[in-house]
Enquirer: 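I'd like to ask you about the structure that follows.
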Protein chains: 2
Amino acid sequence: MVQEDLSYKDKKVISIGTVSELTGLSDRQIRYYEERHLLTPHRTSRGTRKYSFSDVERLMEIADKREDGVQTAEILKEMKRKEERQDRDLRKKMLQGQLNAHFRYGRK
Amino acid sequence: MVQEDLSYKDKKVISIGTVSELTGLSDRQIRYYEERHLLTPHRTSRGTRKYSFSDVERLMEIADKREDGVQTAEILKEMKRKEERQDRDLRKKMLQGQLNAHFRYGRK
DNA sequence: CGTGTAAGGAATTCTGACACG
DNA sequence: CGTGTAAGGAATTCTGACACG
């Protein structure tokens, strides 16, 4: 159930026109942010871009930062830092989970 | 968080071509099931249909039943019965919640 | 009843480029 | 650097209809 919901969030199914409406950004801006590696839409066999709800959220964050005058290069760095932080946290949690499983083994 | 995920599930943002790929149904079939009131996509200002992930799931159920030879009129009845059941359950839960809130009031 | 298809038009998306700054 | 725009082509979507069964 939670799994399913997460998969919806990351499923790339929204075309650029709809993303434009959801975010208030122009097609041009959305494609440009891709050019600057701020996001990576899926490409269909025919070449059209497909975005996920996560991509839409990311674009809204980008829009906020751009409004504050932050350049795309800077936004990219911030995103990388955030991802590293999350990766570390995730690894820590998985390790903790393994330890818990180990010490609990055979007790119940 | 859960709220957000549910809103994703019901947000109508997917165009018919993508729905066709996700479900394996033809555009013709998808439009026909709409004609028979089995689902109601959103219409953009320009007239294109937009579907949610819930719609996609519903279409897959429809496809299963159609494969078993169930006619669309029958499928519609089944869906209505299911919705009524869910509505009753929801009402029951909300009432229960109110009662709980009432008797718990002022104790903590 | 349920689905395929050809028809014609309107809107979408894509890329590469020029413009402004 | 970031965004708008005109350009031309290719794929999408829509509706109403005919076909088969």
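Every chain is numbered from 1, with letters handed out A, B, ... down the list of sequences.
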Enquirer: When you match A:Gly17 and A:Arg28 each to their closest nucleotide on DNA chain C, which lands nearer the 5' end?
Expert: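 Looking at the nearest nucleotide for each, A:Gly17 comes out on the 5' side.
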Enquirer: Name the stems with DNA chain D in them: runs of three or more consecutive Watson-Crick or G-U pairs, distances under 3.5 Å?
Expert: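 Output for stems: C:2-5 with D:17-20, C:17-20 with D:2-5.
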Enquirer: Keeping B:Thr72 on the side-chain end and B:Arg36 on the backbone end, is there a donor-acceptor pair under 3.5 Å?
Expert: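 Judged by distance alone, no pair lies under 3.5 Å.
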Enquirer: Does the side chain of B:Val19 reach to within under 4.5 Å of the side chain of B:Asp55, using non-hydrogen atoms?
Expert: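 No; the side chains remain at least 4.5 Å from each other.
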Enquirer: Starting at CG of B:Asp27 and ending at P of C:dT5, how long is that distance when rounded to a whole Å?
Expert: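 Atom-to-atom, B:Asp27 to C:dT5, this comes out as 11 Å.
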Enquirer: Starting from C1' on D:dG16, measure out to CD on B:Glu34 and report it in whole angstrom.
Expert: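 For the pair B:Glu34 CD and D:dG16 C1', the rounded distance is 15 Å.
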Enquirer: When the distance from CD of B:Glu21 to P of D:dT12 is rounded to whole Å, what number comes out?
Expert: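 Spelled out: CD on B:Glu21 to P on D:dT12 is 9 Å.
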Enquirer: Ignoring the backbone of B:Tyr33, work out which of C:dT3, C:dC14, C:dG2 is nearest its side chain.
Expert: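 Nearest to the side-chain atoms of B:Tyr33, counting from C-beta on, is C:dT3.
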Enquirer: What is the distance from CD1 of A:Ile30 to C1' of C:dT15, rounded to the nearest Å?
Expert: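 In whole Å, C:dT15 C1' lies 17 Å from A:Ile30 CD1.
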Enquirer: Could you please name the option among C:dT13, C:dT15, C:dG4 that lies closest to any side-chain atom of A:Ser15?
Expert: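 Looking only at side-chain atoms, A:Ser15 lies closest to C:dT13.
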Enquirer: If you pin A:Arg66 and A:Arg46 to their nearest nucleotides in DNA chain D, which one's is more 5'?
Expert: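 Comparing both residues, the 5'-ward one is A:Arg66.
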Enquirer: Rounding to a whole Å, what distance do you find between A:Ile75:CD1 and D:dG2:C1'?
Expert: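 About 11 Å, once rounded to whole Å.
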Enquirer: In this structure, how many angstroms lie between the C1' atom of C:dA11 and the CD1 atom of A:Ile16, rounded?
Expert: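 Rounded to the whole Å, the gap is 15 Å.
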Enquirer: When you measure from the side chain of A:Gln29 to the backbone of A:Ser26, do you find a donor-acceptor pair of N or O atoms at a distance under 3.5 Å?
Expert: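 A pair under 3.5 Å: yes.
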Enquirer: Side chains of B:Ser52 and B:Asp10: donor-acceptor distance under 3.5 Å anywhere?
Expert: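 Distance-only check fails for B:Ser52 and B:Asp10.
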Enquirer: Rounding to an integer number of Å, can you tell me how far A:Tyr51 OH sits from C:dT13 C1'?
Expert: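 Nearest whole value for this atom pair: 10 Å.
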Enquirer: Please state how far atom CZ in B:Arg31 lies from atom C1' in D:dT12, giving the value in whole angstrom units.
Expert: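 From B:Arg31 CZ to D:dT12 C1': 9 Å.
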